[in-house]
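The next block holds one structure in the form of structure tokens; read it before the comments.
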Protein chains: 2
Amino acid sequence: MAIELDAFDCKLLMEVQRDAQIPQSELGARVNLSTAAVNRRLRRLADEGVIDRYAAIVSPEKTGHPITVVANVEVESEQIDLLDAMKRTFARCPQVQQCYYVAGEWDFVLILAVRDMDQYTELTRQLFFSNNNVKRFKTLVSMSRVKVGLEVPLVASAE
Amino acid sequence: MAIELDAFDCKLLMEVQRDAQIPQSELGARVNLSTAAVNRRLRRLADEGVIDRYAAIVSPEKTGHPITVVANVEVESEQIDLLDAMKRTFARCPQVQQCYYVAGEWDFVLILAVRDMDQYTELTRQLFFSNNNVKRFKTLVSMSRVKVGLEVPLVASAE
DNA sequence: TCTGAAAATGGACCTTT
DNA sequence: AAAGGTCCATTTTCAGA
């Protein structure tokens with residue numbers, strides 16, 4: 001599953017994870033490679049799926065979704081088709097940014113971006129109260145987004 | 001704080017959130033705008049901070065970080081400088097992808113990408129056990145990343 | 001909205017290990 | 001073979017009329 005990455009790959013990935021707009025020529029200068037080599041490596045990394053995709057990161061505040069909510073959910077039954085249905089429901093909801101199926105005290109952890117608490121209340125109806133397989137859920141409202149990203153740690157030494 | 005977005009802005013943002021590599025000419029065709037207009041709008045959205053940045057999304061699995069962990073942390077004291085120190089510690093840790101300071105049963109929610117459980121154990125030492133202000137913490141290990149992203153919901157009708 | 005210049009990407013081809 | 005470098009064609013971005 002994991003793919004061999006040399007020091008050049010790691011450095012390139014670290015850069016483009018932070019900023020995908022750096023021109024390949026500039027990347028080449030930073031890691032000591034020609035632009036063509038940078039181009040080939042980035043293409044290879046994308047083909048191999050190491051780079052999943054390139055995306056614009058949009059500010060939730062500026063777009064009127066200032067509230068981040070973490071919701072923990074416990075299910076009634078772990079029957080596979082019930083779980084799959086829940087996963088689909090959660091994944092389909094646009095306000096759900098992330099959904100993890102976890103082991104521990106809870107079964108699901110959701111991260112939501114909402115306009116206000118009214119919208120969240122409405123979502124709890126849709127996602128939790130109207131779902132018979134939700135046993136209970138607990139809400140944590142974020143007061144500050146200390147760090148938000150999807151960056152993967154890549155020490156340059158990793159092989 | 002929030003910025004006025006018309007239907008064109010919303011459509012463009014939806015597209016580039018999913019895929020930032022679509023050429024502006026193609027975006028123009030999709031939303032019915034000239035490439036120049038698309039160019040101007042994207043630049044404006046970036047200048048205004050609506051688009052925070054462009055980033056490559058890297059696969060944690062392919063880079064050898066297959067385990068996602070959610071850690072809930074309760075602090076001993078909410079003294080402001082102690083909290084700030086914790087926030088900085090969490091934010092600085094490369095394995096911490098996200099850190100939210102929350103209200104509710106816990107004080108912090110962390111999302112971590114780790115190589116294996118040994119690495120997580122080591123991180124709990126660094127981040128939690130060696131920190132006097134951590135009262136207790138609870139770990140949830142993700143078995144499946146049902147949905148992972150930072151996409152902000154943007155219905156085309158939003159004003 | 002159109003046109004054109006500047007920049008960036010990505011392929012061809014050759015060289016090195 | 002595998003990967004790097006140089007050079008060049010194509011595509012994309014982006015500013016001015």
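In what follows, chains are A, B, ... by sequence order, proteins preceding strands, each numbered from 1. Note that this is a predicted model, so its numbers are computed, not measured.
Under the 4.5 Å side-chain criterion, counting only non-hydrogen atoms from C-beta, A/Val134 is not in contact with A/Val75.
With sequence neighbours excluded, the residues forming a ring pair (Phe, Tyr, Trp, His ring centres under 6.0 Å) with B/Phe129 are B/Phe137, listed by chain and number. Contacts of A/Phe108 classified as ring pair (Phe, Tyr, Trp, His ring centres under 6.0 Å), with partners at least two apart in sequence or in another chain: A/Phe90, A/Tyr101.
Between B/Arg41 and B/Asp9, at least one side-chain N (NZ, or NE/NH1/NH2) sits under 4.0 Å from a carboxylate O, which counts as a salt bridge. Between B/Glu48 and A/Lys62 there is no salt bridge, since no side-chain nitrogen of the basic residue lies less than 4.0 Å from a carboxylate oxygen of the acidic one.
Atom pair A/Arg44:CZ and D/dA2:P shows a separation of 12 Å (rounding to whole Å applied). Rounded to whole Å, atom C1' of C/dT1 lies 11 Å from atom CG of B/Leu33. Taking atom CG of residue A/Leu42 and atom P of nucleotide D/dG4, one finds them 12 Å apart after rounding to whole Å.
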Assign a letter to each nucleotide of nucleotides 2-17 of chain C from its 5' end: B, base within under 4.0 Å of a protein heavy atom; S, sugar-phosphate only; -, no contact.
B-----SSBB------

